[in-house]
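These numbers were taken from a predicted model, which means no experiment stands behind them.
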Amino acid sequence: MGVRPPDAGSDPEPEVIEFGIAAVDARLEEATISFPARADEVVTALGDEPIPYDAQGRSVPVETAINATEKSEFEDRNELLNALHFVFEERREQSLGLIDRLRSLFPF
């Protein structure tokens, strides 16, 4: 996922803030890794920088996210991204406040 930051009016083309599996996918583009890959290889390839999982900038360490998938190996890139999607969604849901939860229930 990606979200544009608020427009300050000075930059005609603002950068996109990547989070969740979009952030992981972008890192995989730059990483040297081949699949199938063990979980520890993925952690090494993605680096030490925490992965943002929502548009507010909350993040999770790479190793924590990979370990939360409870998988020891990933057959391909899609399997990795799909497993991480559930981890990020769970964290987003846990970080929602009461008002955010109410807003998600009603379409207004």
For [X] versus [Y], what's the shortest heavy-atom pair and its separation?
X: P50; Y: S59; result: CB-OG, 3.6 Å
X: E18; Y: P52; result: O-CG, 3.4 Å
X: F88; Y: A65; result: CE2-CB, 4.2 Å
X: A37; Y: V42; result: CB-CG2, 4.0 Å
X: E79; Y: E75; result: OE1-N, 2.6 Å
X: A23; Y: I51; result: CB-CG2, 4.3 Å

Does [X] reach the side chain of [Y], with side-chain heavy atoms less than 4.5 Å apart?
X: T64; Y: R91; value: yes
X: I66; Y: L80; value: yes
X: E63; Y: N67; value: yes
X: F35; Y: E73; value: no
X: L28; Y: L46; value: yes
X: Y53; Y: V87; value: no

Using the side-chain hydrogen bond (donor to acceptor under 3.5 Å, both in side chains) criterion, which residues pair with E30? Sequence neighbours excluded.
none
Going by the rule side-chain hydrogen bond (donor to acceptor under 3.5 Å, both in side chains), which residues pair with N82 if we only count those two or more places apart in sequence or in a different chain?
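Here no residue qualifies.
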Nearest 0.5 Å please: distance from the [atom1] atom of [X] over to the [atom2] atom of [Y].
X: L84; Y: I21; atom1: CG; atom2: CD1; result: 8.5 Å
X: E89; Y: D54; atom1: CD; atom2: CG; result: 10.5 Å
X: I33; Y: R38; atom1: CD1; atom2: CZ; result: 9.5 Å

Salt-bridge criterion met for E49 and R27 (N-O under 4.0 Å)
no
If you measure from the Lys or Arg side-chain nitrogens to the Asp or Glu carboxylate oxygens, is any gap between D25 and R77 under 4.0 Å?
yes
If we ignore hydrogens and angles and just use 3.5 Å, is the side chain of E93 paired with the main-chain N or O of E90 as donor and acceptor?
no
